[in-house]
Amino acid sequence: MDSRLEEINNLLIRYSLGDFDHSIQPSGNYDEIDAFIININMLGEELQTSVISRDYFNNIFHSVSDMLLVLDNKGEITSINKAVTDKLNYSENQLRETSLNYITGEENRLFEYIRSMLGKNNFLNNLEVVFLSLEQESVPVSLSCSYLYNQNRARIGYLIIARDLSKIKEYENTSKETEKKFRKVFEDSSDCFFITDAEGKFIDLNNAGVELLKCTENAISRDSFFDYIYDDNEKGAFLRQINERGIVPDCKVKIRDKENTIIDCLISANKITNEYNETTGFQGTIKNMTKQKEIENLFVRTIVDTQEKERNRIVKDLHDSLGQQLSAIKFFLGALKSIKGKASSDKMEELLTKSDTALNEVMVELSNICFNIMPGTLQKFGLSHAIHELCNKIKLNNSIDFKTDIASDFPVLDKNLEVTLFRIVQEFINNSLKHGFAKSISIKMVSDPAEGKLFIVLKDTGKGFDMKKMEGFGGMGLKNVKSRIESYTGIVKISSIEGTGTMYEIMIPYMHYLPK
C-alpha cells in the first residue's frame, strides 16, 4: 500500500476534527495520488476560514467617529483610523512610527504619563488634553486609554480613543447614525451574533441567532446561552477555555435548538470585562456548519470517487485494448510454434508481420495510457508542448478543430502549477467534447512579464449550459477549477451561454511560481 494513502487518511481525520492547519507535501511523482494530495491541501485551505472577516473589523475601525490610535509597546503609532485623518489632517504615513507625544507637543510627555497611570489601573478614562493638527491648530479631546492584548493575553500595545470635545454635538448626532449602522450590520448578518450577561443570559441576539436557536422573544431574556450547548463535555471545555483565557476562537460544538434539533456549529466568543477586569458578560458569534460539513463530505466523496473512476478507467484501457492485443500476439506466436517446420515461409512471414503490427499497436496504446496519466512531454518540455501534443492526439480521433495561440515566450513554471493548468485544459477539452459536443476549441496562452501575470483563455463552440443551474453541489466541477486556480492566488472567470459555448478566462500572478 502506498504510504501516501495513509497520510491522506490521517489528514482527512484531522480535517474532520476541525484541524485545518496541516497539509501533505506531494511526493513529486506527479501521479494520481499527488493530484489527490494537491486537491486535499486546497480543501484544507478553503475550510480554514475566519468566522468574522478582517474587512468587517476594518470597516468598524474606520467608521467610528472618535479618533482611534493604536500604539505598540514603545508608544509608537502603528495605526490610525479615518477620523484622525479627517480631524487632524495627518496621513497614516506621516504619523506611523512617531510617538503619541508628536501630536500633543513633545514637552507634554503624554505617553509617559499614560503608561504610568495604566500601570496602576489598566484603564484610563476622561483624560482631557489638546491634540495639534497638521496646521498646528488646537483640538481639545477627551482620551480613553487601555492595553491591547493578543489571544494569549500577552500585551501588544495600547488603544487610544480620542473624543473631539469641540464638536460634541456633532459627535452625538454621528454616534446615533453609527449606532444605526452597527445595529443594521448586527441584525443583517447571516451568522448569529449574541451578547450575554456574566451568567450567560442573553442581553441581545440578532435575527440570525433567533432563527438558528428557534427561540421566542420571551425566551431570549430568560435563557442562558450555555444551555444551548448540547454536549456537557463540550460545554465544560468551552467554559474552562473562556474563563481561563478570556477568548474562545473557532470552537466546534453541537447546539440543540428549541425544537431539539442538533446542529454542528462553530463558536467564537470572548469575555466582556469592566475597568476592574471583572467579567460582566460574553459576546461572540455562532456559525452554522451544517452546509460546510455537507460540502466537506462531498469533497471527500468526490476525491474517493475520482480515484476509483481513474482506477476503473486504467483497468478498462488495459483490459479492452492491451489485453486483447496481447491475446492476439499470443495467438500468433502459438500458431508459429504449432506450424514450425510444417508451413511455408510465406505463412510464417504473414504471422510474424501480424505479430509485429500487433506489438506496435500495443506500444502506441501503452503510450496513450501513459500520456493520460502523466504526459512525458509535460515533464520534459513544459506546459506549451504538452498542450500542443494533447490537441494533436485528440484531433486524430475526433472531428474537432483546435485553434492554439500560445506565445513563444510563455514562461516555464513550477511543475505543480503546470500539472494543475494542464489538467484544467484537459478537463475543459473533455467536457467540451463529452457534454458540449463542440466542433472547435480555442486555447490562448500569453504572459505579461511587466505585470508578472499569465493569461489563459479556453473557449469552445459547444452547446453551453445555464450558469444558474450549476450553482450549489451541481457545479462542484466548476468550483474545483476555481479552487485550484485560487490556490495559486489566481482568478478564473467562467461564462457559458446555452447554444453558444463556454469560456474560461484565467489570470495567475506567476513570479512566485517560477522553477527554483
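The first residue of the sequence shown is numbered 1, and numbering continues consecutively from there. These numbers come from the heavy atoms of this one structure, side chains and all, not from hydrogens, waters or symmetry mates.
- At a threshold of 4.5 Å between non-hydrogen side-chain atoms, the residues Y90 and T85 do not count as touching.
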Next item on the list: Assess whether side chain to side chain contact (heavy atoms under 4.5 Å, CB included) is satisfied between R423 and T420, documenting all intermediate values.
Entry: CA-CA 5 Å; R423 292 304 184 199; T420 296; over 6 Å; no
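- Shown here is F455, whose CZ atom has more than 12 heavy atoms of other residues, nucleotides or ligands within 6.0 Å.
- Panel note: side chain N73, backbone G157; a donor-acceptor pair is recorded below 3.5 Å.
- Side-chain atoms of S133 and N89 form no donor-acceptor pair, as typed in the model, at a separation below 3.5 Å.
- For the pair L421/I485, a side-chain contact is recorded, criterion being any heavy-atom separation below 4.5 Å from C-beta on.
- Atom NZ of K415 sits in a crowded spot, with more than 12 heavy atoms from other residues, nucleotides or ligands closer than 6.0 Å.
- The backbone N or O of G452 sits nowhere less than 3.5 Å from a side-chain atom of D448 that would complete a donor-acceptor pair.
- Residue-environment remark: CD (E498) exceeds the threshold of 12 foreign heavy atoms within 6.0 Å.
- Under the 4.5 Å side-chain criterion, counting only non-hydrogen atoms from C-beta, I494 is in contact with K482.
- The pair E278-K271 does not count as a salt bridge, with every side-chain nitrogen at least 4.0 angstrom from each carboxylate oxygen.
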Check: How far apart are the C-alpha atoms of F422 and L383, what are their side-chain angles, what is the distance that settles it, and do they pass the side chain to side chain contact (heavy atoms under 4.5 Å, CB included) test?
Finding: CA-CA 7 Å; F422 180 82; L383 180 62; 3.8 Å; yes
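- Taking the side chain as every heavy atom from C-beta outward, D223 and K258 approach each other to under 4.5 Å.
- When side chains are defined from C-beta on, I229 counts as touching I255, because their heavy atoms get closer than 4.5 Å.
- Looking only at side-chain heavy atoms (C-beta outward), D414 and P515 stay at 4.5 Å or farther from each other.
- Between the side chains of Y228 and D257, not a single donor N or O lies within less than 3.5 Å of an accepting N or O.
- The side-chain heavy atoms of I77 and Y158, taken from C-beta on, include no pair separated by under 4.5 Å.
- For the pair V84 and I103, the minimum side-chain heavy-atom distance is 4.5 Å or more.
- Taking the six-membered ring wherever Trp is involved, the centroid distance between the rings of Y147 and F123 does not fall below 6.0 Å.
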Next item on the list: Could you walk me through whether N101 and E112 pass the side chain to side chain contact (heavy atoms under 4.5 Å, CB included) test, one step at a time?
Entry: CA-CA 9 Å; N101 298 336; E112 287 73 8; 3.2 Å; yes
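- With E418 contributing its side chain and L413 its backbone, the two residues share a donor-acceptor pair below 3.5 Å.
- The main-chain N or O of D72 is never found under 3.5 Å from a side-chain atom of T78 such that the two would form a donor-acceptor pair.
- Judged by distance alone, with hydrogens and angles left aside, the side-chain atoms of K453 form no donor-acceptor pair with the main-chain N or O of S447 at under 3.5 Å.
- Ionic pairing of D264 and K254 is present here: one or more N-O contacts between side-chain nitrogen and carboxylate oxygen are shorter than 4.0 angstrom.
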Checklist line | Stepwise salt bridge (Lys or Arg N to Asp or Glu O under 4.0 Å) check, D231 with K235 | finding: CA-CA 6 Å; D231 188 281; K235 183 190 301 185; over 6 Å; no
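- Taking the centre of each ring, F238 and F282 stay at or above the 6.0 Å mark.
- T280 and N274 share no donor-acceptor pair across their side chains, judged by distance under 3.5 Å alone.
- Checking Q283 against D204 by side-chain atom types alone, no donor-acceptor pair falls below 3.5 Å.
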Next item on the list: Might you work through the side chain to side chain contact (heavy atoms under 4.5 Å, CB included) test for L143 and V129, ending with a clear yes or no?
Entry: CA-CA 7 Å; L143 298 186; V129 299; 3.7 Å; yes
